[in-house]
Amino acid sequence: MKQHLLPIISNVQVSSRYWHMKIDTTEMNETIEPGQFFHIRCSEGIFPFLRRPFSIYRINKEDDTIEFLYLVKGEGTKDLTRKKPGDTADLLGPLGYGFQLQPECDDILLTARGVGIATLAALAQEAGRKGVRCTAILSARSRDDLLAAETLQDFGAEVHKVTEEEGTSGVDSVESLMRDIINRKNIKALYTCGSRRLSRLNQRLAEEYKLPGEIALEEQMGCAMGACFACVCDLEEDGKQRSVRVCLEGPVFPLEKVVIS
Amino acid sequence: MKQHLLPIISNVQVSSRYWHMKIDTTEMNETIEPGQFFHIRCSEGIFPFLRRPFSIYRINKEDDTIEFLYLVKGEGTKDLTRKKPGDTADLLGPLGYGFQLQPECDDILLTARGVGIATLAALAQEAGRKGVRCTAILSARSRDDLLAAETLQDFGAEVHKVTEEEGTSGVDSVESLMRDIINRKNIKALYTCGSRRLSRLNQRLAEEYKLPGEIALEEQMGCAMGACFACVCDLEEDGKQRSVRVCLEGPVFPLEKVVIS
Amino acid sequence: MIAQRNMEVSIGSLSLQNPVMPASGAFGPEMHEALDFNKIGAIIPKSITKHPQPGNDTPRVCETHGGMINSIGIQSKGLDVYLSKTIPEFSAYDVPLISSISAESIDEFCEMSDVLGSHPDIDALELNISCPNLKGDGLAFGMDAEVTRELLTRVRQVTDVPLIAKLTPNVTSIQEIAKAADAGGADALTVANTILAMAIDTETKKPMVGNVMGGLSGPAVKPIMVRMIYQTSQVTDLPIIGCGGIMNGTDAIEMILAGASAVQVGTASFITPTALTDVVQEIRDYMERHDVKNIYDLVGSVEC
Amino acid sequence: MIAQRNMEVSIGSLSLQNPVMPASGAFGPEMHEALDFNKIGAIIPKSITKHPQPGNDTPRVCETHGGMINSIGIQSKGLDVYLSKTIPEFSAYDVPLISSISAESIDEFCEMSDVLGSHPDIDALELNISCPNLKGDGLAFGMDAEVTRELLTRVRQVTDVPLIAKLTPNVTSIQEIAKAADAGGADALTVANTILAMAIDTETKKPMVGNVMGGLSGPAVKPIMVRMIYQTSQVTDLPIIGCGGIMNGTDAIEMILAGASAVQVGTASFITPTALTDVVQEIRDYMERHDVKNIYDLVGSVEC
Ligand SMILES: Cc1cc2nc3c(=O)[nH]c(=O)nc-3n(C[C@H](O)[C@H](O)[C@H](O)COP(=O)(O)OP(=O)(O)OC[C@H]3O[C@@H](n4cnc5c(N)ncnc54)[C@H](O)[C@@H]3O)c2cc1C
Ligand SMILES: Cc1cc2nc3c(=O)[nH]c(=O)nc-3n(C[C@H](O)[C@H](O)[C@H](O)COP(=O)(O)OP(=O)(O)OC[C@H]3O[C@@H](n4cnc5c(N)ncnc54)[C@H](O)[C@@H]3O)c2cc1C
Ligand SMILES: Cc1cc2nc3c(=O)[nH]c(=O)nc-3n(C[C@H](O)[C@H](O)[C@H](O)COP(=O)(O)O)c2cc1C
Ligand SMILES: Cc1cc2nc3c(=O)[nH]c(=O)nc-3n(C[C@H](O)[C@H](O)[C@H](O)COP(=O)(O)O)c2cc1C
Ligand code: FES
Ligand code: FES
């Protein structure tokens with residue numbers, strides 16, 4: 001957890017709502033794992049005031065770069081789009097704990113929704129690198145939001161797209177799709193991010209199929225350094241609930257333990 | 001007094017501390033007079049919060065442009081330097097009452113200090129246009145700050161430069177210079193802007209030589225529309241003081257009436 | 001076909017075509033060049049005092065993060081000039097005229113309310129019991145519930161026009177002051193005036209405003225005002241006029257959701273002279289977008 | 001040769017190497033990765049309660065213009081975990097450790113102060129008598145002068161360590177509360193905690209923080225805090241710890257000129273994790289530039 005001022009290589013719009021930013025990490029000597037995130041200062045002024053958390057979308061060890069995929073939502077992300085190549089990105093991180101790929105889990109299923117796709121892309125990349133077979137269900141409002149699908153395919157993942165636009169993203173349809181994939185592919189672990197409803201579905205199927213799994217959570221953050229207790233959620237272990245900080249103890253947690261409110 | 005969104009033609013640094021901005025006023029149908037000012041929004045965000053007042057430096061009726069000369073002082077002017085050709089300038093104005101050039105005053109003396117030079121440049125331009133002979137004493141910290149001297153010379157003014165750097169800007173030296181010019185040139189009116197000490201000197205000499213005169217005042221402003229009473233100063237008339245708003249009733253006032261605190 | 005959007009609101013017996021009015025002291029007759037006065041809910045000139053008074057030393061304003069401090073004081077030409085000049089200037093417009101009164105004693109409040117309340121062109125009175133710039137280290141009538149109650153009771157006896165008490169936020173419990181103003185007979189509450197503040201120039205070591213302290217306004221204070229509007233709306237049924245930090249229609253809606261039935265816009269006009277009518281239009285847009293027929297469907301409708 | 005710049009300040013009998021410390025709740029042990037704890041004036045962990053308590057519903061923070069609202073509540077693992085885990089974690093550093101205490105009654109404040117005050121690793125206590133997130137509509141001990149005096153008097157009886165009363169800004173007269181804390185036996189005052197505030201999402205009509213209201217911090221509140229520091233310094237000789245909105249050394253100097261002898265930095269650390277040590281350095285730079293030998297030459301030296 002350190003503040004890094006790093007050069008921006010590119011920052012471009014990739015679809016109607018999404019942008020993509022690439023950063024030169026030559027000067028940053030840190031190990032970065034899929035599922036970890038950076039707390040980014042989107043503007044120099046005092047508005048927007050706080051940093052914004054963004055998962056790592058791609059980790060390119062070969063050429064010492066990392067990439068972010070972000071949805072333009074409000075003032076912070078709008079300001080981020082103003083950054084130009086050569087400008088400095090102010091990153092705090094890498095933060096939190098990322099995903100675990102267990103050696104015995106050689107076939108995994110990712111279910112991602114919205115900006116959660118960015119988070120799971122890094123995992124698909126890692127899976128590809130480790131020779132783990134990876135299937136991904138990507139859910140979004142519209143086809144246009146699913147630009148990351150290609151990236152995942154490049155990593156070797158089998159991608160299924162579901163959208164509101166096409167009426168294919170309902171929990172019921174996703175459930176049958178997941179069941180079909182789990183059975184057909186002999187899936188060994190589930191990973192999810194980006195939707196409460198899909199998270200509950202993943203929890204249910206994980207229990208039913210006795211699969212391990214992980215979930216990356218998103219919570220409103222203040223410090224992202226474990227200091228402010230803004231980003232808490234509850235875990236249930238041995239029948240007892242305890243509060244954890246998403247920024248410090250997460251954002252990735254065991255799927256079965258998270259209490260989804 | 002209207003808000004105008006006008007295209008910026010150029011905005012460039014002209015010396016170590018000064019910038020120059022040129023605006024296309026084709027879309028603004030207003031008569032602008034030397035001494036008037038615009039209240040300019042320097043940034044889009046809420047910081048800096050208030051507009052900043054800037055006198056008109058040059059009024060180019062021929063090609064429908066106006067120019068500002070500004071000193072980079074704090075956050076507002078720093079933000080103003082970020083504007084690029086093609087960007088929009090958000091101007092409120094023209095505001096206030098400008099200088100009066102009386103037909104019988106065919107030889108005038110301007111004494112300007114610092115950013116006051118920008119204010120009096122427009123008057124020199126008007127004088128040149130009207131065939132009024134104009135002499136100007138320009139005072140500044142350093143020679144580098146006196147870039148406007150050339151502009152005034154282009155307008156036909158005889159320019160005397162005094163600076164701290166050269167030790168020539170003390171009130172005493174300026175006083176002998178003024179006396180010399182007043183006598184030699186048969187000066188008919190005095191105009192001043194930008195310095196309390198020079199204003200007092202002008203008041204004193206105006207009284208002694210029985211010359212009419214005008215002064216352009218600078219006061220911290222809120223609204224610049226006469227609404228908030230932030231920008232007041234006192235005038236003394238017939239032995240009685242009354243408070244006036246610089247933005248509405250000024251910024252130009254009769255030299256002899258202003259109470260300089 | 002576009003559905004009717006009813007933006008009319010009532011302040012006591014007074015009906016406004018829409019809920020947007022200027023904040024006293026941040027509005028002047030000269031602004032008519034930039035703004036169509038006939039399109040706002042009401043006009044409120046700067047607070048008037050009985051006798052002429054000069055206001056405070058300059059500098060009178062300074063900027064802060066997301067706001068400004070003013071220490072104008074109540075610079076005023078006195079009641080006579082107000083009656084002979086200010087009122088005619090404003091009564092030419094087709095919207096209600098609300099006079100803001102500042103006074104040094106309860107008696108003086110009564111005296112002025114009597115005069116102004118019986119003037120045919122004045123539709124309501126706003127009692128500025130909160131100006132933090134008065135002599136006495138920022139103390140104001142509105143800092144004491146008992147004084148507030150008595151002040152309202154006494155003024156209520158001399159006039160029948162709607163009385164709006166403009167509360168100060170510089171109190172431990174705005175609820176207590178609100179209840180006192182209600183008990184005294186106020187018809188509405190403006191929540192709230194500026195927050196007492198101070199800034200120092202670290203280079204000169206001098207206070208940034210001549211009067212050492214002044215009132216903080218602008219977006220920086222909005223979350224405090226929204227809280228106070230919400231708290232006040234919990235303890236009184238009086239209409240609340242939200243004030244402090246409104247820059248756009250969304251800010252106005254936020255205050256309305258918190259419990260305000262009208263709003264005042266001050267400092268925003270310094271940045272955008274058409275802020276008042278912009279806010280009217282943006283409230284209307286919001287009502288369209290959310291299909292709200294009547295502005296009162298929004299008042300206090302925050303879902304806690 | 002560079003002249004000595006003496007930045008040492010005293011909080012009662014406690015001496016700090018420099019006047020910069022974290023604000024409670026905006027600082028955690030994990031920050032040591034980004035920040036050299038040995039370079040700051042003191043360490044203050046988040047307020048501790050006697051019993052474990054869960055804190056408030058999420059979302060717990062939201063942004064405002066120039067600031068943020070937090071409704072964390074005092075999420076706490078209770079005194080036992082604090083003694084066994086938190087204190088050892090921090091006492092490894094070479095700077096004084098100040099414990100911030102939050103309690104539900106005067107008795108509980110006494111009980112906790114007794115335990116913590118007699119702990120060898122704890123150098124001073126900050127009594128958080130101002131947390132606006134407590135049950136009861138934002139009420140706090142520090143809103144009542146009499147309660148404040150009694151609370152300080154009682155705690156004073158159980159411990160000899162320096163006692164810092166952290167005042168709430170949500171009061172009519174911070175001077176009255178400051179005098180009461182002084183009379184009760186406080187050694188210093190922190191001026192001040194967050195300002196009670198509220199924000200509403202106009203699209204969902206829901207409050208932006210789970211607890212409806214929360215505390216406003218950040219640069220937006222700085223002018224209010226500077227005013228309160230100035231006012232407090234007029235009525236008491238106790239050292240004042242300025243807090244609220246400091247983003248850099250200039251802000252710290254502003255509070256020091258207003259009357260503070262030390263400062264706390266909270267939210268700024270969320271934006272720049274090295275904010276605390278940056279502020280130390282920037283104060284030193286200011287002292288160089290203005291040739292100030294001793295920080296005390298600046299304390300309260302605003303020229304009004
Ligand atoms: C661990 C984590 C990883 C994330 N990864 C990505 C990613 O890879 N790509 C992506 O597009 N988005 C990601 N997000 C979401 C992203 O942080 C928000 O979309 C962003 O903060 C919105 O900021 P804004 O200023 O544009 O919008 P605003 O208008 O300011 O806020 C819009 C909404 O964004 C959320 N938000 C604002 N500030 C914060 C904050 N400090 N912390 C959390 N949420 C906030 C709030 O719910 C708010 O209502 C991630 C969030 C978390 C917690
Ligand atoms: C009628 C008038 C005409 C002016 N003409 C020119 C001009 O032609 N060229 C030029 O360079 N400067 C001019 N000035 C001065 C110019 O307005 C200030 O230098 C500018 O506002 C500084 O803003 P800043 O944000 O850069 O500095 P800041 O750091 O914000 O302020 C620096 C100082 O500038 C002054 N200032 C800040 N805001 C205002 C304000 N709203 N009104 C008045 N003063 C303020 C204050 O004294 C402040 O201490 C004029 C001022 C007035 C009143
Ligand atoms: C320059 C200025 C002068 C003011 N004068 C008065 C006044 O005379 N009477 C009054 O009741 N309020 C006065 N106020 C307070 C405003 O009416 C309003 O309460 C405050 O500015 C908050 O609203 P805003 O944030 O929209 O500006 C003044 C405010 C400013 C900025
Ligand atoms: C997330 C957060 C949590 C806080 N928790 C506490 C707390 O537990 N005890 C306390 O006395 N103050 C708490 N505060 C208030 C701060 O200590 C400080 O008074 C306030 O944030 C103003 O300072 P700043 O503007 O520098 O942040 C908290 C503030 C924040 C932002
Ligand atoms: S964001 Fe501060 S603890 Fe997680
Ligand atoms: S700046 Fe508002 S009256 Fe002049």
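Values below: all heavy atoms of this structure, side chains included; hydrogens, waters and symmetry mates excluded. As the structure is a prediction and not an experimental result, all values here were calculated from the model. Chain letters run A, B, ... following the sequence lines, proteins first and then strands; every chain starts at 1.
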Distance-minimising heavy-atom pair for C/Ala165 and C/Ala181: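 The pair with the smallest heavy-atom distance is CB-CB, 4.1 Å.
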
C/Ile69 side chain near C/Met208 side chain, heavy-atom distance below 4.5 Å: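 Not in contact.
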
Heavy-atom side-chain proximity of D/Ile241 to D/Val191 below 4.5 angstrom: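 In short, these two side chains do not touch, never coming nearer than 4.5 Å.
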
[X], part contacting chain C, at a heavy-atom distance under 4.5 Å:
{"X": "D/Leu298", "value": "side chain"}
{"X": "D/Leu216", "value": "side chain"}
{"X": "D/Val302", "value": "both"}

Ionic contact status for D/Asp291 with D/Arg5, cut-off 4.0 Å: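 Answer for the salt bridge query: yes.
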
Check ion pair D/Lys205-C/Glu303 (N to O, under 4.0 angstrom):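 The answer is no: the pair does not qualify as a salt bridge.
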
Top contributor to chain D contacts, counting heavy-atom pairs under 4.5 Å, from [options]:
{"options": "C/Ala197, C/Ala220, C/Gly218", "result": "C/Ala197"}
{"options": "C/Thr204, C/Ile200, C/Asp201, C/Ile253", "result": "C/Ile200"}
{"options": "C/Thr250, C/Thr172, C/Leu257", "result": "C/Thr172"}
{"options": "C/Ser173, C/Pro169, C/Pro219", "result": "C/Pro219"}

Leading residue by heavy atom contact count with chain C [cutoff under 4.5 Å; candidates D/Glu254, D/Met228, D/Glu203, D/Lys206]: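 When all of D/Glu254, D/Met228, D/Glu203, D/Lys206 are compared, D/Glu254 has the most.
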
D/Gln264 side chain to D/Ala23 backbone, donor-acceptor under 3.5 Å: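 No.
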
